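Comments concern the structure below.
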Amino acid sequence: MKVVTWNVNSLTARWERVREFLETRQPDIVVVQETKQNDEKFPFRALQDLGYDSAHYGQGQWNGVAILARDEVSDVRRGFGDGDPEARVISARVGSHRVYSCYVPNGRSLDNPHYQYKLEWLAKLRDEVAAREGESLILGGDFNVARSDLDCWDPAGWEGSTHVSPPERLALEEILRAGVDDLARLLHPDETLYTWWDYRQGSFRRGWGLRIDYLLADAASASRLLDVYVDRETRKGEKPSDHAALVAEFASPD
DNA sequence: ATGTCACAGTCCCTGTGA
């Protein structure tokens with residue numbers, strides 16, 4: 001089973017890249033962030049034609065999260081049920097798994113109210129994971145947090161910025177402590193595995209990246225992990241997203 | 001040179017968010 005998380009930075013702008021990805025990589029589950037579409041515009045029909053069931057939580061020009069799967073996508077939940085109007089989390093049952101697509105708030109700057117919103121949002125996600133202890137969980141998304149200095153190309157330069165501050169790193173660790181593993185780090189404890197590079201300054205070519213996209217899973221699911229890698233081809237070529245797709249391959253349970 | 005991109009509205013440029 002191949003599972004992918006990918007912040008596409010507008011599904012409208014990225015549809016051709018996404019379609020090509022599905023056709024060539026043949027993933028089983030893809031969790032998508034930043035669709036930047038409302039549900040009316042979301043390509044449910046085109047995805048069906050490619051063999052994917054899907055669920056979307058859209059919000060017009062900003063945010064927007066989706067789950068695509070070869071199996072049926074059922075029991076869909078949008079948001080945390082806390083009245084937050086921002087479309088940043090969707091979950092659904094796919095096979096035996098509860099699958100999440102998460103788009104964590106950026107934070108903007110440490111003194112911005114959006115940063116507090118980010119910390120509160122991460123705490124809600126931790127509670128959500130804790131409440132589902134014992135279930136088969138797969139979470140993917142853009143967490144907008146580089147877990148450690150290994151996940152940042154220039155820790156000194158990022159000092160004092162969002163994405164690397166101790167409180168948000170702690171908030172990410174709390175999610176992991178609630179019962180999920182960081183799949184990329186599990187198999188690659190010492191490698192740089194950046195998933196995002198700024199569009200500016202030729203950052204991708206220069207290796208100026210961050211690891212801010214994650215696939216997380218409960219221990220039982222993680223024990224079936226065969227491989228996990230960043231699909232760097234998704235960051236190259238015509239009109240790429242600024243995020244690459246992160247891929248995990250699991251042995252099928254039997 | 002903050003070496004870019006996407007979006008909507010002010011609508012073929014500009015402000016905002018990332």
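If you're wondering where the values come from, they're calculated on a predicted model, not measured in any experiment. Below, chain A is the first sequence line, B the second, and so on; all start at residue 1. We use all heavy atoms of the structure for the numbers below, so side chains are in, but hydrogens, waters and symmetry mates are not.
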Quiz item: What about the rings of A:Trp6 and A:His243, do their centers lie closer together than 6.0 Å?
Solution: no

Quiz prompt | A:Asp198 CG - B:dC5 P separation (whole Å) | solution = 10 Å

Practice problem: Report the residue (A:Arg206 or A:Glu34) whose heavy-atom-nearest nucleotide on DNA chain B is the more 5′ of the two. | Solution: A:Arg206

Practice problem: Look at A:Arg14 and B:dC5 and indicate whether a side-chain polar atom (N or O) is within less than 4.0 Å of OP1 or OP2. | Solution: no

Quiz item: To the nearest angstrom, how far is A:Gln33 atom CD from B:dA6 atom C1'?
Solution: 17 Å

Quiz item: Does the ring of A:Tyr115 carry A:Arg108 above it, NZ/CZ under 6.0 angstrom from centre and within 45° of its axis?
Solution: no

Quiz prompt | Between CG on residue A:Leu226 and CE on residue A:Met1, distance to nearest 0.5 Å | solution = 10.0 Å

Exercise. Could you give the distance separating B:dA18 and B:dT2 at their C1' atoms, to the nearest angstrom?
Key: 13 Å

Quiz item: Nearest of B:dC7, B:dC5, B:dG3 to any side-chain atom of A:Gln61?
Solution: B:dC7

Self-check item: Residue A:Asn106, side-chain atoms from C-beta onward, closest of B:dA18, B:dT4, B:dC7
Solution: B:dA18

Self-check item: B:dC11 to B:dA6 separation - C1' atoms, rounded to the nearest Å
Solution: 15 Å

Self-check item: Separation of the P atoms in B:dT10 and B:dT16, to the nearest angstrom
Solution: 13 Å

Quiz prompt | Spacing of A:His243 atom NE2 relative to B:dC5 atom P, expressed in whole Å | solution = 15 Å

Quiz item: Please give, in whole Å, the distance from B:dC5 C1' to A:Arg17 CZ?
Solution: 14 Å

Practice problem: To the nearest Å, give me how far apart CD (A:Gln59) and C1' (B:dC7) are. | Solution: 13 Å

Practice problem: For A:Gly60 and for A:Tyr103, locate the closest nucleotide of DNA chain B by heavy-atom distance; then report the residue assigned to the nucleotide nearer the 5' terminus. | Solution: A:Gly60

Quiz item: From the list B:dT4, B:dA18, B:dA6, which nucleotide is the closest neighbour of the side chain of A:Ser10?
Solution: B:dA6

Exercise. Output the single nucleotide from B:dG3, B:dA6, B:dA18 whose closest atom is nearest the side chain of A:Arg205.
Key: B:dG3

Exercise. Mind checking A:Ser203 for me? I need base, sugar-phosphate or nothing, with any heavy atom below 4.0 Å counting as a touch.
Key: nothing

Quiz item: Using a distance-only test with no angle check, is there a side-chain donor-acceptor pair under 3.5 angstrom linking A:Thr234 and A:Asp231?
Solution: no

Quiz item: A:Asn38 has an atom CG; how far is it from atom C1' of B:dC7, in whole Å?
Solution: 13 Å

Exercise. Using only side-chain N and O atoms of A:Arg108, determine if any of them is under 4.0 Å from OP1 or OP2 of B:dA18.
Key: yes

Quiz prompt | Side-chain N,O (A:Gln201) to OP1/OP2 (B:dG3) below 4.0 Å | solution = yes

Quiz item: Expressed as a whole number of Å, how far does the C1' atom of B:dC12 sit from that of B:dC7?
Solution: 15 Å

Practice problem: State whether A:Lys239 places a side-chain N or O below 4.0 Å from either non-bridging phosphate oxygen (OP1 or OP2) of B:dA6. | Solution: yes

Practice problem: Consider only side-chain N and O atoms of A:Arg235 and A:Tyr194, and report whether a donor and an acceptor are under 3.5 Å apart. | Solution: no

Quiz item: Is it true that the side chains of A:Gln26 and A:Arg70 contain a donor and an acceptor less than 3.5 Å apart?
Solution: yes

Exercise. Starting at atom OH of A:Tyr199, determine the distance to atom C1' of B:dA18, rounded to an integer number of angstrom.
Key: 10 Å

Practice problem: Quickly work out the A:Arg200 CZ to B:dG17 P distance and round it to whole Å. | Solution: 14 Å

